[in-house]
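In the text below, chain A, chain B and the rest are named by the order of the sequence lines, each starting its count at 1.
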2 protein chains.
Amino acid sequence: MGEMTATDASGSVAGRSARAEASRQEILAAAAGMMRRNGYAEMSLRDVAARVHKKAGSLYYHFASKEDLAAEVMRIGVEAVETDVRATLARLGEEASAEARLNAAIEVHLETLLKRSDFVSSHIRCYPFVPESVRAELREARRRYDRLWLELIGDFAGPATRAVEVHYIRHILVGALNQSLEWFNPNRDSIEDFAGQLHRMLLGLKGRHAR
Amino acid sequence: MGEMTATDASGSVAGRSARAEASRQEILAAAAGMMRRNGYAEMSLRDVAARVHKKAGSLYYHFASKEDLAAEVMRIGVEAVETDVRATLARLGEEASAEARLNAAIEVHLETLLKRSDFVSSHIRCYPFVPESVRAELREARRRYDRLWLELIGDFAGPATRAVEVHYIRHILVGALNQSLEWFNPNRDSIEDFAGQLHRMLLGLKGRHAR
DNA sequence: GTCTATAGACGGATAGAC
DNA sequence: GTCTATCCGTCTATAGAC
């Protein structure tokens, strides 16, 4: 038990050795990659284990079940993208316009989804097909991130915009962002151009008369 | 062979009895429902067969493999939504404005996706996770439908709009439409309101100066 | 912590009776 | 056309050795 500490250098949880924590992180990363590519149902514990040079049974030292592993992968994903977006907004500072903040959020969400994180993309792709118990565990974290977008869009659209409009705009915007996972080709497409086009469509919502 | 005709009343293919054709359609509908709800990997032939009061082995009289069944379901889906949209456009007639045509296409796509067809929704939800051989079979039909949207958007945006912009607008628009499968709640949301919001965002693309 | 071994369930697919 | 029976593979999960 000598290697256990309340909080070690890598920030692992108390009661878990540094070695166990390293294995755990390796397994999570391998599972995220496989979930992103093949989906939840076809992510097999044998394959995940093989990718980190272990056997399937060994994973049960770190995770209680396949559902537990998947839920952890997806929780890391949604928290990662929220953390990235909030960090960028914080860097922009209080004086940034609502338009600048919304644009920055769009670009960071896309960067994290498309380039940075298998955890985010596996969350987006797998959520619809994951067992209900897993969805239940993710609901709160998802709502938190949803609320961030509602705020960003509400601030941008202005106080005259009704809540139901903000609701639809959020689904349109975030839906368009997340679907990019299925068509975005880094050799052909550009995040800047894609985000720019979204920006122009959002600008159309401002400075108009009510219907 | 007495029941075989070149084209019978139900429009079945030559060389297939009316009874076989009816069974085939039942199986396809059951598979579409299961694929929509549970995804491709978790659609089991045993469950599909049970839903139409048959046994798993019997499906192989109608389909060569699970992949074959899924590809047929998804092919029907993409062709159904294209047929619905084209029929509505034809009804609008030649004199309809590009704006009216685009709006009509948006509404029909949503109606078919969200209310009318498990075939369309199973296509949208399962395509990313289906085996490559299935995707290959669907590629041409998907491209045809994609081209229709490129035309509608190109006509709406006007000749000054570059092809790359139309490309992104199509992905944004169709992505937002298709993601609605994951959030649209008929008890809370309205296709008209959702389509109206999309319409306003698209209007923002018109009557602006180039950047 | 990771291994081997295996239980136990379920999957797609095929053969042959009817 | 559909059934029964079955092959053979894969899966999650567990038990116990090391």
Pairing residues for A:Gln179 by the side chain to side chain donor-acceptor pair (under 3.5 Å) criterion, not counting sequence neighbours: none

Using atom CZ of B:Arg46 as one end and atom P of C:dA13 as the other, report the distance to the nearest whole Å. 11 Å

Would B:Gln197 and A:His171 count as having a side-chain donor-acceptor pair, cut-off 3.5 Å? no

Residue pairs, two or more places apart or on separate chains, that pass salt bridge (charged side-chain N to carboxylate O under 4.0 Å, His left out) and touch [range]:
range	value
residues 134-143 of chain A	A:Glu132-A:Arg135, A:Glu132-A:Arg139
residues 144-154 of chain B	B:Asp146-B:Arg170
residues 173-197 of chain A	A:Arg125-A:Glu182

With sugar-phosphate meaning primed atoms plus P, OP1 and OP2, does B:Arg19 contact a base, only sugar-phosphate, or nothing at under 4.0 Å between heavy atoms? sugar-phosphate

Just to be sure I understand the rule, does A:Lys55 reach a base, reach only the sugar-phosphate, or reach nothing, if contact means heavy atoms closer than 4.0 Å? base

Nearest 0.5 Å please: distance from the [atom1] atom of [X] over to the [atom2] atom of [Y].
X	Y	atom1	atom2	answer
A:Ile27	A:Leu69	CD1	CG	7.5 Å
B:Leu114	B:Phe194	CG	CZ	8.0 Å
B:Leu205	A:Arg200	CG	CZ	8.0 Å
B:Ile106	B:Thr88	CD1	OG1	13.0 Å

Identify each atom pair where a protein N or O and an N or O of nucleotides 16-18 of chain D are less than 3.5 Å apart, giving names and distance.
none

Numerically ordered, the residues 126-136 of chain A set in heavy-atom contact under 4.0 Å with DNA chain D is none

Strand-adjacent residues in residues 56-69 of chain B, judged by heavy atoms under 4.0 Å from DNA chain D: B:Ser58, B:Tyr61, B:His62

Ring pair (Phe, Tyr, Trp, His ring centres under 6.0 Å) involving A:His62 - partner list, sequence neighbours excluded: none

Applying ring pair (Phe, Tyr, Trp, His ring centres under 6.0 Å), can you list everything that pairs with A:Tyr168, at least two apart in sequence or on another chain? none

ring-ring contact (aromatic ring centres under 6.0 Å, His included) contacts touching residues 105-136 of chain A (sequence neighbours left out): A:His109-A:Tyr145, A:His109-A:Trp149, A:His123-A:Tyr127

Please determine, for the side chain of A:Asp47, which listed nucleotide (C:dT2, C:dG1, D:dC11) has the closest atom? D:dC11

Heavy atoms within less than 4.0 Å of DNA chain C: which residues of residues 23-45 of chain A have one? Give them sorted by number. A:Ser23

Donor-acceptor pairs under 3.5 Å, side chain of residues 40-51 of chain B to any protein atom, not counting sequence neighbours: which ones?
from, atom 1, to, atom 2, distance (Å)
B:Ser44, OG, B:Asp47, N, 3.1
B:Ser44, OG, B:Asp47, OD2, 3.4

